Amino acid sequence: MNLERNKFYITTPIYYVNDKPHIGTGYTTLAADVLARLHRQLGEDVYFLTGTAEHGSKVAESAEKAGLNIQEFVDEYAAKFSLAWDELTIAPDDFIRTTEERHIRAVNLFFTKLKDSGKLYEGDYEGWYCVGCESFKKESELVNGVCPLHNRKPEWIKERNWFFKLSEFASILKEKIETDEFRIFPLARKNEVLSFINQGLEDIAVSRRTAKFAMPLPWDKEQTIYVWLDELFNYCSAIGYESDRKKFDKYWPADFHIIGKDIIKFHCIIWPALLLAIGEQLPRAVYAHGFFTVNGQKMSKSLGNVMDPVALAHQYGSDAVRYFLLREVPFGQDGDVSEEKLKERYNADLANGLGNLFSRVTNMMEKYLDGDLGDARVSPKDLSEVSEAFHSLNFSEGLVKIWEAIAWANQLIDKSKPWELVKTEPKKVKELLLSLGALLYDIALKLSPVMPETANKIKTALEQEKIMKPAQPLFPKIE
RNA sequence: CGCGGGGUGGAGCAAUUGGCAGCUCGCAAGGCUCAUAACCUUGAGGUUGGCGGUUCGAAUCCGCCCCCCGCAACCA
């Protein structure tokens, strides 16, 4: 027997507190939650981390706009995120905020080590600086030499910054990715990263002179830490990088960083290079999921078509939203969602499918057997493929397998005609319902990482001494 | 030649390593009555964007072309 439980450390990006949670951030966090639940089911020592990124000029500006001081502002937004995850039945083990002491101390230690590694140097950052954007613009971003956002000519600015020798890490990174020591999913993303590395890596500036509300460099108070690096380090600071080395050694390296495809370069190139520089192990895997369009249109604030997962959860139930997002789009690919599609899935799969099957089976148990099932049975259907699919993050595939079992059960019932059989051979009806009950129980177990509340309802009903059809349907049909 | 993702029955999607083209919704006909007017069966509907190539065999591999979308510009 293994006395030491396997650990499983899984993370989401930490979210910028400029905006409330939306369907995209919800999706990432949901996927991580499902994996966390899956591994908890196996009895593993799971550490599921999410949180908020609270440094940066934009945060300072937004706070000012909202008429709040920065601390009030970030507190409010961090709470919004935390509450949203609650409403989606997402249960992280830890929630880190970059303004927390444990993070700030860890980042200071991290940068000190980085400097000691000899991989930092002072250099000049030159480029077109748009005062409106408060950021440097690449030549390619300018239209007729003018910033297209603010329609003004940027200034050529030379700024003294600290740089990280990212260029030195190209070949080692390439090797670790190619040998799968550092895994990137899906495969298309791995290839994308490799081809990016093959084009050569440039050193990056890791400090800024202009940023508001950012951490100062420990050895150069004139400069602030580039917020992206501050944010990346949350994965280490949360598990005690600075304060509790024992805990850190237990959980690091992360088993999975779940991210959106937009931040691949930060997680698959810059982040591992930084870790190599300070002598820490690389995460085992990064999984980049795709993006949603809404009714074929890109989701954006200006179009006003951003979907709010919390509002949807209030209306349809958090399990329904969780099911929909993971079933509708194969994880890793882009996909299209809409409230119409959610309703369609809800009625077809949840109300008519799982809900109705559960209803007819429990009803027959109550009616034909007086709720007295007796001995438990082995499920007549092998659902091990479901777990395999979930473990590979093929959520939609696993869910399809479950719904195949539901269709199978409906067919079996129609073929067996228990409503006739009960008059002539009640024993056979009992056998049939025993195995249907076992199948439903197994479905609940397999489904529980994705739909924890529904799974509990099913299990609870089937564990009763006298099984009765519950008064409330699992999923009342929506008109 | 900026990078990336796609084009599959009316709609939306799926097809590990090339091997009888599947699913959901919708539509048509029938069946059943235990169930949330649910469920089951059958049917109609496709030259898998186009052309060419490799192969015994291509939605899948190769070449060229056409079209759509995303990123590159707040946004997962």
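Protein chains get the first letters and strands the later ones, always in sequence-line order, with residue 1 at the start of each. This is a predicted model, so every value here is computed, not measured.
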**Q** May I have the distance from Glu404(A) (atom CD) to rG22(B) (atom P), rounded to whole angstrom?
**A**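 After rounding, the gap between these two atoms is 14 Å.
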**Q** Report the distance from atom CD1 of Ile406(A) to atom C1' of rC40(B), rounded to the nearest whole Å.
**A**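 That distance rounds to 16 Å.
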**Q** In whole Å, what is the span from the CZ atom of Phe291(A) to the P atom of rC74(B)?
**A**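 From Phe291(A) CZ to rC74(B) P: 13 Å.
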**Q** What's touching nucleotides 34-37 of chain B from the protein side, N or O pairs under 3.5 Å?
**A**
| from | atom 1 | to | atom 2 | distance (Å) |
| --- | --- | --- | --- | --- |
| rC34(B) | O4' | Tyr368(A) | OH | 3.0 |
| rC34(B) | O3' | Asn363(A) | ND2 | 2.8 |
| rC34(B) | O3' | Lys367(A) | NZ | 3.4 |
| rC34(B) | O2' | Asn363(A) | ND2 | 2.5 |
| rC34(B) | O2 | Arg360(A) | NE | 3.2 |
| rC34(B) | N3 | Arg360(A) | NE | 3.3 |
| rC34(B) | N3 | Arg360(A) | NH2 | 2.5 |
| rC34(B) | N4 | Arg360(A) | NH2 | 2.9 |
| rA35(B) | OP1 | Lys367(A) | NZ | 3.3 |
| rA35(B) | O3' | Ser359(A) | OG | 3.4 |
| rA35(B) | O3' | Lys469(A) | NZ | 2.9 |
| rA35(B) | O2' | Asn356(A) | OD1 | 2.7 |
| rA35(B) | O2' | Ser359(A) | OG | 3.1 |
| rA35(B) | N1 | Arg360(A) | NH2 | 3.2 |
| rA35(B) | N3 | Asn356(A) | ND2 | 3.2 |
| rA35(B) | N3 | Arg360(A) | NE | 3.1 |
| rU36(B) | OP1 | Lys469(A) | NZ | 2.4 |
| rU36(B) | O2 | Phe475(A) | O | 3.3 |
| rU36(B) | O2 | Lys477(A) | N | 3.4 |
| rU36(B) | N3 | Phe475(A) | O | 2.8 |
| rU36(B) | O4 | Gly355(A) | O | 3.3 |
| rU36(B) | O4 | Phe475(A) | N | 3.4 |

**Q** Pick the P atom in rA58(B) and in rG53(B), then give their distance to the nearest Å.
**A** 12 Å
**Q** Please indicate whether Glu87(A) has more than 12 foreign heavy atoms, meaning atoms of other residues, nucleotides or ligands, lying under 6.0 Å from its CD.
**A**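 Atom CD in Glu87(A) is packed in, count exceeds 12.
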**Q** Any salt bridge linking Lys401(A) with Asp382(A)? Criterion: basic side-chain nitrogen under 4.0 Å from a carboxylate oxygen.
**A**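 Looking at Asp382(A) together with Lys401(A), the answer is no, because their closest N to O distance does not fall below 4.0 Å.
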**Q** Report the C-alpha separation of Arg360(A) and Asp414(A) in whole Å, then their side-chain angles, then the decisive distance to 0.1 Å, and conclude whether the salt bridge (Lys or Arg N to Asp or Glu O under 4.0 Å) test is met.
**A** CA-CA 11 Å; Arg360(A) 71 196 297 207; Asp414(A) 274 53; 3.2 Å; yes
**Q** Using atom C1' of each nucleotide, how far apart are rG22(B) and rG46(B) to the nearest Å?
**A**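 rG22(B) and rG46(B) have their C1' atoms separated by 12 Å.
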**Q** Between Gln411(A) and rC39(B), is there a side-chain N or O to OP1/OP2 distance below 4.0 Å?
**A** no
**Q** Does the plane of the ring in Tyr15(A) sit parallel, tilted or perpendicular to the ring in Phe81(A)? Use 30° and 60° as the thresholds.
**A**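 Plane angle under 30°, so parallel.
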**Q** Calculate the interatomic distance between Tyr346(A) atom OH and rC25(B) atom C1'; express it in whole Å.
**A**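 In whole Å, rC25(B) C1' lies 18 Å from Tyr346(A) OH.
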**Q** Rounded off to whole Å, could you give me the CG-to-C1' distance for the Asp262(A) and rC3(B) pair?
**A**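 Taking atom C1' of rC3(B) as the reference, CG of Asp262(A) is at 15 Å.
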**Q** On a whole-Å scale, what distance lies between the C1' atoms belonging to rU60(B) and rG49(B)?
**A**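 Comparing C1' positions in rU60(B) and rG49(B) gives a spacing of 16 Å.
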**Q** Atom CZ of Phe292(A) to atom C1' of rC71(B): distance rounded to whole Å?
**A** 18 Å
**Q** Could you tell me whether Glu420(A) and Lys417(A) have a side-chain N and a carboxylate O separated by less than 4.0 Å?
**A**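 Salt bridge between Glu420(A) and Lys417(A), a charged N being under 4.0 Å from a carboxylate O: no.
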**Q** Taking the inter-plane angle between the rings of Trp271(A) and Phe233(A) on a 0 to 90° scale, is it parallel (under 30°), tilted (30 to 60°) or perpendicular (over 60°)?
**A**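 Answer is perpendicular, since the angle exceeds 60°.
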**Q** What residues from residues 23-34 of chain A pass a heavy-atom cutoff of under 4.0 Å to RNA chain B?
**A**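 Heavy-atom contacts with RNA chain B come from Gly24(A), Thr25(A).
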**Q** For nucleotides rC13(B) and rG52(B), find the distance between their C1' atoms and express it as a whole number of Å.
**A** 29 Å
**Q** Are there more than 12 heavy atoms of other residues, nucleotides or ligands under 6.0 Å from atom CD of Glu404(A)?
**A**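 Yes, the 6.0 Å shell around CD holds more than 12 heavy atoms from other groups.
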**Q** With sequence neighbours excluded, what pairs up with Phe185(A) under the ring-ring contact (aromatic ring centres under 6.0 Å, His included) test?
**A** Tyr287(A)
**Q** Which string of ( ) [ ] | and . matches RNA chain B, if you list each base 5' to 3' and count Watson-Crick or G-U pairs only when both distances are under 3.5 Å?
**A** .((((((..((((.....[..)))).(((((.......))))).....(((((..]....))))))))))).....
**Q** Find the distance Lys265(A):NZ to rG4(B):C1' and express it as a whole number of Å.
**A** 10 Å
**Q** Could you go through nucleotides 13-21 of chain B and list every protein N or O atom that sits under 3.5 Å from one of its N or O atoms, giving the distance for each pair?
**A**
| from | atom 1 | to | atom 2 | distance (Å) |
| --- | --- | --- | --- | --- |
| rA14(B) | OP1 | Gln333(A) | OE1 | 3.2 |

**Q** Can you tell me how far the CD1 atom of Ile259(A) sits from the CZ atom of Arg189(A), to the nearest 0.5 Å?
**A**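 One finds 9.5 Å between CD1 of Ile259(A) and CZ of Arg189(A).
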**Q** Would you say NZ of Lys80(A) has more than 12 non-hydrogen atoms from neighbouring residues, nucleotides or ligands within 6.0 angstrom?
**A** yes
**Q** Whether Arg345(A) engages the ring of Phe324(A) as a cation-pi pair (distance to the six-membered ring centre under 6.0 angstrom, angle to the ring normal within 45°) should be assessed.
**A**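 Pair Arg345(A)/Phe324(A) does not count as cation-pi.
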**Q** Could you tell me whether a side-chain N or O of Trp403(A) sits under 3.5 Å from a main-chain N or O of Asp349(A), the two making a donor and an acceptor?
**A**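 Yes, because the side chain of Trp403(A) sits within donor-acceptor range (under 3.5 Å) of the backbone of Asp349(A).
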**Q** Between rC71(B) and rA76(B), how many Å separate the two C1' atoms, rounded to a whole number?
**A**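 Per the computed distance, 13 Å lies between those C1' atoms.
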**Q** For residues 451-479 of chain A, pull every pair meeting ring pair (Phe, Tyr, Trp, His ring centres under 6.0 Å), keeping only residues two or more places apart or in separate chains.
**A**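 Ring pair (Phe, Tyr, Trp, His ring centres under 6.0 Å) check on residues 451-479 of chain A returns Tyr346(A)-Phe475(A).
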**Q** Starting at CD1 of Ile90(A) and ending at C1' of rA76(B), how long is that distance when rounded to a whole Å?
**A**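 Distance, rounded to whole Å: 13 Å.
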**Q** C1' atom, rC23(B) versus rG45(B): distance in rounded Å?
**A** 15 Å
**Q** Between Lys469(A) and Glu366(A) (salt bridge meaning N to carboxylate O under 4.0 Å), is one present in this structure?
**A** no
**Q** Output yes when at least one side-chain N/O atom of His22(A) is less than 4.0 Å from OP1 or OP2 of rA76(B), else no.
**A** yes
**Q** Is it the case that Lys261(A) places NZ or CZ above or below the six-membered ring of Phe291(A), under 6.0 angstrom from the centre and within 45 degrees of the axis?
**A**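 Relative to the ring axis of Phe291(A), which defines the angle, Lys261(A) lies inside both limits.
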**Q** Taking atom P in both rU54(B) and rU47(B), compute the distance separating them and give it to the nearest angstrom.
**A** 25 Å
**Q** For rA44(B) versus rA29(B), give the span between their P atoms, rounded off to a whole number of Å.
**A**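 Approximately 15 Å lies between the P atom of rA44(B) and that of rA29(B).
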